[in-house]
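What follows is a single structure, written as structure tokens, with notes after it.
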Protein chains: 2
Amino acid sequence: MNAPAPVVGRLPGYLQALESLLRQGITTVSSEELARRCGVGSAVLRRDLSHVGASGRRGVGYDCAQSAARLRVFMGLDRTRRIGIVGAGRLGSALADYAGIRTSGFELVAVFDVAAPVVGSVVGGVPVAHLDALPEVAAERGLELLVIAVPGPQAQEVADLAVAAGVRGLLNFAPVVLSVPSGVHVQHVDLATELQVLAHYTAAAPAPAPVSIPAPVSAETVVISRESQ
Amino acid sequence: MNAPAPVVGRLPGYLQALESLLRQGITTVSSEELARRCGVGSAVLRRDLSHVGASGRRGVGYDCAQSAARLRVFMGLDRTRRIGIVGAGRLGSALADYAGIRTSGFELVAVFDVAAPVVGSVVGGVPVAHLDALPEVAAERGLELLVIAVPGPQAQEVADLAVAAGVRGLLNFAPVVLSVPSGVHVQHVDLATELQVLAHYTAAAPAPAPVSIPAPVSAETVVISRESQ
DNA sequence: TGCTGTGAAGGTTTTCACAGCA
DNA sequence: TGCTGTGAAAACCTTCACAGCA
């Protein structure tokens with residue numbers, strides 16, 4: 001029932017692509033076409049989808065609506081997941097107003113901060129509460145996932161508070177490795193890390209060597225993204 | 001000379017940890033200790049470091065300064081890399097002001113936007129230029145990497161412009177799969193994707209485990225981060 | 001003695017290629 | 001005929017365990 005981490009990391013892309021197709025009124029798609037849109041190989045896509053129980057019709061392709069539904073179930077998105085954001089600065093408020101939150105299966109139910117001026121103002125459609133109120137607010141509103149958008153030094157403290165309040169998933173934007181108990185999941189996004197990875201891949205200015213085979217598709221995309229345990 | 005993608009994804013963490021140790025005046029560290037701080041296994045760390053040519057002393061550990069230097073070379077950070085940001089909204093300006101950019105080996109040399117009011121204002125220490133000026137500005141200032149922090153519909157257009165201007169690394173925050181020519185690298189960060197991955201891992205919502213098995217280490221961290229080709 | 005560096009083993013993910021169904 | 005679903009093989013990454021050096 002559980003998929004390998006690399007697979008899990010690719011599934012959101014498939015789901016987003018399928019929903020995009022549905023919005024365009026397209027109801028069926030081949031693995032080839034869907035894979036192209038997601039920047040993966042078609043064999044990978046077929047295996048990944050078979051992993052989540054989505055099945056296509058031979059000779060036809062995948063039913064977008066059905067496959068998306070299967071993916072949502074598999075991702076735990078068959079019900080709306082309640083998220084909160086700590087940190088109502090520019091990063092936090094930008095994330096709070098990102099429309100993709102709602103359309104991806106989430107509901108923003110709380111925003112927290114410690115700065116007096118912003119507490120009480122409305123960000124992302126919800127009033128900003130003081131961080132100290134997190135335990136009560138989390139319980140009241142059934143908070144499940146928390147985005148941490150605070151300065152590094154405060155991140156661990158926020159994580160501890162969240163874990164104590166029963167939050168089992170953290171999305172950490174602070175440049176700090178969080179320490180959490182077993183059973184709590186942390187997804188870490190760090191600007192410096194991403195830039196350094198890019199720096200590595202663009203370090204050698206000379207000609208590229210990896211692929212010698214002439215690509216079948218005109219524009220070959222080298223996308224490096226998420227993953228691992 | 002080139003490392004596997006999972007390795008490359010872990011290297012920035014090592015580098016950041018080593019620099020943190022150096023700031024604390026610690027000059028030597030064992031693989032065990034460094035691995036703990038980075039949330040990886042010590043065997044993985046040793047192999048990764050041997051991969052980049054960093055060598056420790058048996059019976060002693062790794063020299064922080066020397067290892068960090070080796071990592072910087074390997075990551076292409078032995079010289080300062082010049083980056084730009086497109087999109088001076090809340091996300092873009094938050095990123096521009098993030099101090100970690102400078103301390104991680106980068107120099108912010110340009111910020112672009114299309115909105116009349118912000119063009120000309122100063123963000124992240126540089127004046128905001130109009131997106132149309134990207135080709136000239138990129139050439140003038142030797143722009144190498146570009147962060148894309150614009151709405152989804154505009155991202156591909158920005159990417160095309162950047163690629164035409166010779167930029168070979170893109171960090172894309174827009175919820176769109178970019179199509180770029182071979183040789184250009186794209187690192188994609190998407191809030192919805194991260195949240196959906198978290199949703200998956202926290203889908204089964206069993207009771208919050210009280211205090212069960214006393215862990216050997218006080219806090220066991222389940223960190224899920226970056227990686228893959 | 002202590003900790004690194006690394007063969008060898010093991011496990012996992014990707015790729016290939018094609019059988020099989022609509 | 002067209003495209004999926006999946007064995008089997010290959011490639012890859014991690015883990016283990018210990019030889020070897022300071």
Side-chain angles (χ1 to χ4, degrees), chain A residues 1-11 13-14 18 21 26-64 66-67 70-71 210-213 215-217 220 222-229, chain B residues 2-11 13-14 18 21 26-64 66-67 70-71 74 222-229:
Chain A
M1 182 196 166
N2 240 338
V7 174
V8 173
R10 288 188 295 262
L11 298 181
Y14 305 154
L18 287 168
L21 286 168
I26 297 167
T27 59
T28 291
V29 68
S30 71
S31 63
E32 196 86 28
E33 170 65 12
L34 184 56
R36 198 186 49 71
R37 292 181 183 239
C38 299
V40 303
S42 64
V44 167
L45 183 135
R46 288 200 300 277
R47 199 178 283 285
D48 288 352
L49 285 187
S50 81
H51 218 300
V52 312
S55 54
R57 259 185 271 236
R58 295 174 201 237
V60 180
Y62 292 87
D63 180 276
C64 296
Q66 193 206 50
S67 302
R70 284 285 168 82
L71 277 168
V211 184
S212 50
I213 308 151
V217 182
E220 185 184 339
V222 182
V223 177
I224 304 167
S225 11
R226 223 120 310 287
E227 226 20 57
S228 94
Q229 205 260 347
Chain B
N2 239 338
V7 174
V8 173
R10 288 189 295 262
L11 299 180
Y14 305 154
L18 287 168
L21 287 168
I26 297 167
T27 59
T28 291
V29 67
S30 70
S31 64
E32 196 86 28
E33 170 65 12
L34 184 56
R36 198 187 51 70
R37 292 183 183 236
C38 298
V40 303
S42 63
V44 167
L45 183 136
R46 288 199 300 277
R47 198 178 283 285
D48 288 351
L49 285 186
S50 83
H51 218 299
V52 313
S55 54
R57 260 186 270 236
R58 300 176 197 234
V60 180
Y62 291 87
D63 181 275
C64 294
Q66 192 206 52
S67 302
R70 283 287 168 81
L71 276 169
F74 190 84
V222 181
V223 177
I224 304 168
S225 10
R226 221 123 309 290
E227 224 20 57
S228 94
Q229 209 253 347

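Computed from a predicted model, the values in this text were never measured in an experiment. Each chain gets a letter, A, B and so on, in the order its sequence line appears, and its residues count up from 1.
Residue contacts shown for R57(A) are limited to sugar-phosphate atoms, with no base heavy atom under 4.0 Å away. Within the nucleic acid shown, S42(B) has no heavy atom closer than 4.0 Å to any nucleic acid atom.
Atom CG of L49(A) and atom C1' of dT14(C) are 16 Å apart (whole Å). Atom P of nucleotide dC16(C) and atom CG of L45(A) are separated by 16 Å, given to the nearest angstrom. Per the geometry, CZ belonging to R46(A) stands 16 Å off C1' belonging to dT13(C), to the nearest Å.
In this structure, the side chain to side chain contact (heavy atoms under 4.5 Å, CB included) partners of V44(B), at least two apart in sequence or on a different chain, are R10(B), Y14(B), D48(B). Scored by the salt bridge (charged side-chain N to carboxylate O under 4.0 Å, His left out) test, R46(B) finds no partners at all (sequence neighbours excluded). Legend: residues meeting side chain to side chain donor-acceptor pair (under 3.5 Å) with R47(B), ordered by chain and number and at least two apart, are absent. Residues satisfying the side chain to side chain contact (heavy atoms under 4.5 Å, CB included) criterion with A54(B), sequence neighbours excluded, are L49(B), V52(B), S67(B), R70(B).
Sequence order on DNA chain D of the closest nucleotides to E32(A) and V44(B) puts E32(A) first from the 5' end. Both A43(A) and G59(A) lie near DNA chain C, and the one whose nearest nucleotide falls closer to the 5' end is A43(A).
Contact check on R37(B) versus E33(B) returns a salt bridge, with a Lys/Arg side-chain nitrogen under 4.0 Å from an Asp/Glu carboxylate oxygen.
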Secondary-structure string, 5' to 3', Watson-Crick or G-U under 3.5 Å, | for another-strand partners, for DNA chain C: ||||||||||||||||||||||
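Where DNA chain D meets chain B (any atom under 4.0 Å from a heavy atom), the bounding nucleotides read 5' to 3' are dC13(D) to dA22(D).
The shortest distance between side-chain heavy atoms of L21(B) and L34(B) falls below 4.5 Å. Using a 4.5 Å heavy-atom threshold, the side chains of S31(B) and Y62(B) count as touching. At a threshold of 4.5 Å between non-hydrogen side-chain atoms, the residues P4(B) and H51(B) count as touching.
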